[in-house]
Protein chains: 2
Amino acid sequence: MADVAAYAGVGMITVSRVLREPHRVSETLRRIVNDAIRELNYVPNLSARALASTRSGVIGALVPSLTQVVFADVLRGIYDGVDGTELQIQVGNTRYDPLEEERLVGLFLRQKPSAMIVSGINQTAQARRMLEQAGCPVVQIMDLSPDPIDRIIGFSHEDAGRRMTEHLIDQGYTRIAFLSGWMNSRSAGRRGGYQKALEAAGLDRPGLIHSISESSLRHLLDKVNPATGRPMLEFATPALGRELFRRALAADPALDAVFCNNDILALGVLFECLQRGIRVPEDMGIAGFNDLDFMEAAEPSLSSVRTHRYRVGHSAVAAIREQLAGRSPGPRILDVGTEVMTRRSTARATRRT
Amino acid sequence: MADVAAYAGVGMITVSRVLREPHRVSETLRRIVNDAIRELNYVPNLSARALASTRSGVIGALVPSLTQVVFADVLRGIYDGVDGTELQIQVGNTRYDPLEEERLVGLFLRQKPSAMIVSGINQTAQARRMLEQAGCPVVQIMDLSPDPIDRIIGFSHEDAGRRMTEHLIDQGYTRIAFLSGWMNSRSAGRRGGYQKALEAAGLDRPGLIHSISESSLRHLLDKVNPATGRPMLEFATPALGRELFRRALAADPALDAVFCNNDILALGVLFECLQRGIRVPEDMGIAGFNDLDFMEAAEPSLSSVRTHRYRVGHSAVAAIREQLAGRSPGPRILDVGTEVMTRRSTARATRRT
DNA sequence: CTGTTAGCGCCTTCAT
DNA sequence: ATGAAGGCGCTAACAG
């Protein structure tokens, strides 16, 4: 940078300003400096900038999984949100482990991030404290809470679960199972909504909920990271959906619908029905959650709850950018909502949708 | 850090050493310093470290997509690879655009990364030059090349495409279509293998290849990033698979098998067959590529080519770590191979697999 | 094995 | 609107 300044015949600070706040430098000098930069092929050193300014320009984003489509979509929204900005994204994979999340929060905070994005509302007390004192914008995503750390963008899983269940009840299904892989707090929210809807309709009964314990899940898919020895949990395969469905059917042969905690499980249920000759939606209603691409294209098309993952990620970054720019970042609690997509797989009542 | 040094009654450098190369500090001092660190709640400043050492500890990873399962798996392997290390991952999304990749290469290199991981072998000349002069390990992934920038880990798409096609031919299919979304160089490799196999068997004929132009793809899914105005290309939905299959069938009603460039398309083809009452595998063989979870669980189970995405990401980081540690990082060209998974969807010959 | 002396490259404060 | 010092927190050399 000193070279550029010398070459352009100005002070270093002017070069610095041209780079960061061009509008504060006179038109002429700006051009001269820019030419010098190009001529000398100068590239600024981000570490030095971060050190001197004590702002790294990094947004830390902690997600529970990199592979689940849901969070891949969120990440895409986040990356698109910083597109064309100086901001960088630093992703951390918590693997659905609050302690790992806590560790990563600490790790990320060392870098004096410009902002933090964390998934859900189940941070450890320690993690929450660190985030509260981080002195940077913090956005929780993919859930709602009346008491966010700083700011939260997501939707109500309980509400979504309730509405989909009401749709199933509305279609005349009466013995509706709930299928899920390993439960996290968001899955539990969905299940809670399901239960409330059943209770309200007087349709709740024992033995309808089928999920899988962490231990048996590991057994089912015991891949282990060779480096760390940690399990690489892969929830929600179609094979697991088939398995859970078989179990649910064994527990209640009169079952007439399943609400799956996610679409992948629902796809497995569909395949199991195909193999057994169970007619969908006549003999069995199938509903999923998230509304991935294949739900609409399936045969029969599968009902699901559409969630706005991309938008959540994108909005989180948008709010952060506003806040960083000193503008109003919008409400502390932002509900992006969900939509029940009713399709053939639950169209038992004559009115097909 | 000065505080810690004072508190412990040692020089700053000793604190620094305790943090980075503990084995070079005497047992006693190490304990004293560690206690001081804990007492004072000291956290090192990564920017300062990066500036002073001119090594950032960041591995830049450029992938064409964050949402495609293939690259999500690769990323998971990469993240798992640095687990428990001081290394950090910085991901860039090139969106299958070589120019964007070039831009990101330049951007990332400014940060003096400890290593770079880039996808495929189609870097622009400029990007390639920058990477060659980066002075850090560079690993290309997910393809093979006799002339890697530095080091390459992947598999032969052409070979994989050829072997799957040979399997189809072996099962007695004679009019085999190739379906793909937007083509990239790896898709093209698969298609090349497919064509060679067909030619070798004298089964090639015009009108068997159905892919989709970028323009019509955009038209099909014209979501645009509101921030940048760039299209958010989502290749390979099941709906696209159904569409391409219909087109292929219209072009050749006697079609008896399809080799899909990826599993998602294959899933769409299966659903289209279900709807039309086309029997699989008797009337129509279906094969995909990547062997995602649902292929095995589908009804009928779907044949595919298993690729080792996670291992590719993990091996890339492993090689980088070896190289950074000054040890032998293994061969410059590492072929992790592929496996043709033959399942019911292509089991036309009596021998079911 | 430990400490001292100099920066790493940039941004801040204060002048002008 | 521009410039001159000083320091951000740490590590590289070298010295002891």
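Sequence lines set the chain letters: A, B, ... in the order given, protein chains first and strands last, and positions in each chain run from 1. Scope of the values below: all heavy atoms of this structure, side chains included, with no hydrogens, waters or symmetry mates.
- Computed from coordinates, the B/L46 CG to D/dC10 C1' distance equals 11 Å when rounded to whole Å.
- When rounded to the nearest whole Å, the span between CG of B/N45 and C1' of C/dC10 equals 13 Å.
- When rounded to the nearest whole Å, the span between CD of B/Q111 and P of C/dC10 equals 14 Å.
- Using a 4.0 Å cut-off between charged side-chain N and carboxylate O, B/D147 and B/R128 make a salt bridge.
- Listed by first and then second residue, the side-chain hydrogen bond (donor to acceptor under 3.5 Å, both in side chains) pairs involving residues 2-14 of chain B amount to none (not counting sequence neighbours).
- Comment: B/R103 engages B/E100 in a salt bridge, judged by a side-chain N to carboxylate O separation of less than 4.0 angstrom.
- Between the C1' atom of D/dA1 and the CZ atom of A/R31 lies a distance of 18 Å, rounded to the nearest Å.
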Would A/D83 and B/R95 count as a salt bridge (charged side-chain N to carboxylate O under 4.0 Å, His left out) if you check the C-alpha gap in whole Å, the side-chain angles of each, and the deciding distance to 0.1 Å?
CA-CA 12 Å; A/D83 217 57; B/R95 297 185 179 79; 3.5 Å; yes

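- Taking atom NE2 of residue A/H23 and atom P of nucleotide D/dT2, one finds them 13 Å apart after rounding to whole Å.
- Rounded to a whole Å, the CG atom of A/L29 is 7 Å from the P atom of D/dG3.
- Electrostatic pairing of A/R49 and A/E86 counts as a salt bridge here, judged by a charged N lying under 4.0 Å from a carboxylate O.
- Taking 4.0 angstrom as the limit, B/S47 places none of its side-chain polar atoms (N or O) nearer than this to OP1 or OP2 of D/dC10.
- As a whole-Å value, the separation of B/L51 CG from C/dC8 C1' is 4 Å.
- Residues B/A2 and A/S26 both approach DNA chain D. Their nearest nucleotides, taken by heavy-atom distance, put A/S26 toward the 5′ side.
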If the sugar-phosphate is the primed atoms plus P, OP1 and OP2 and the base is the rest, what is the B/S/- string for nucleotides 11-16 of chain C, using protein heavy atoms under 4.0 Å?
SB----

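- Taking the charged nitrogens against the carboxylate oxygens, A/E322 and A/R151 have no contact shorter than 4.0 Å, which rules out a salt bridge.
- Taking a pair as Watson-Crick or G-U wobble with both distances under 3.5 Å, the runs of three or more consecutive pairs in DNA chain D are C:1-4 with D:13-16, C:6-16 with D:1-11.
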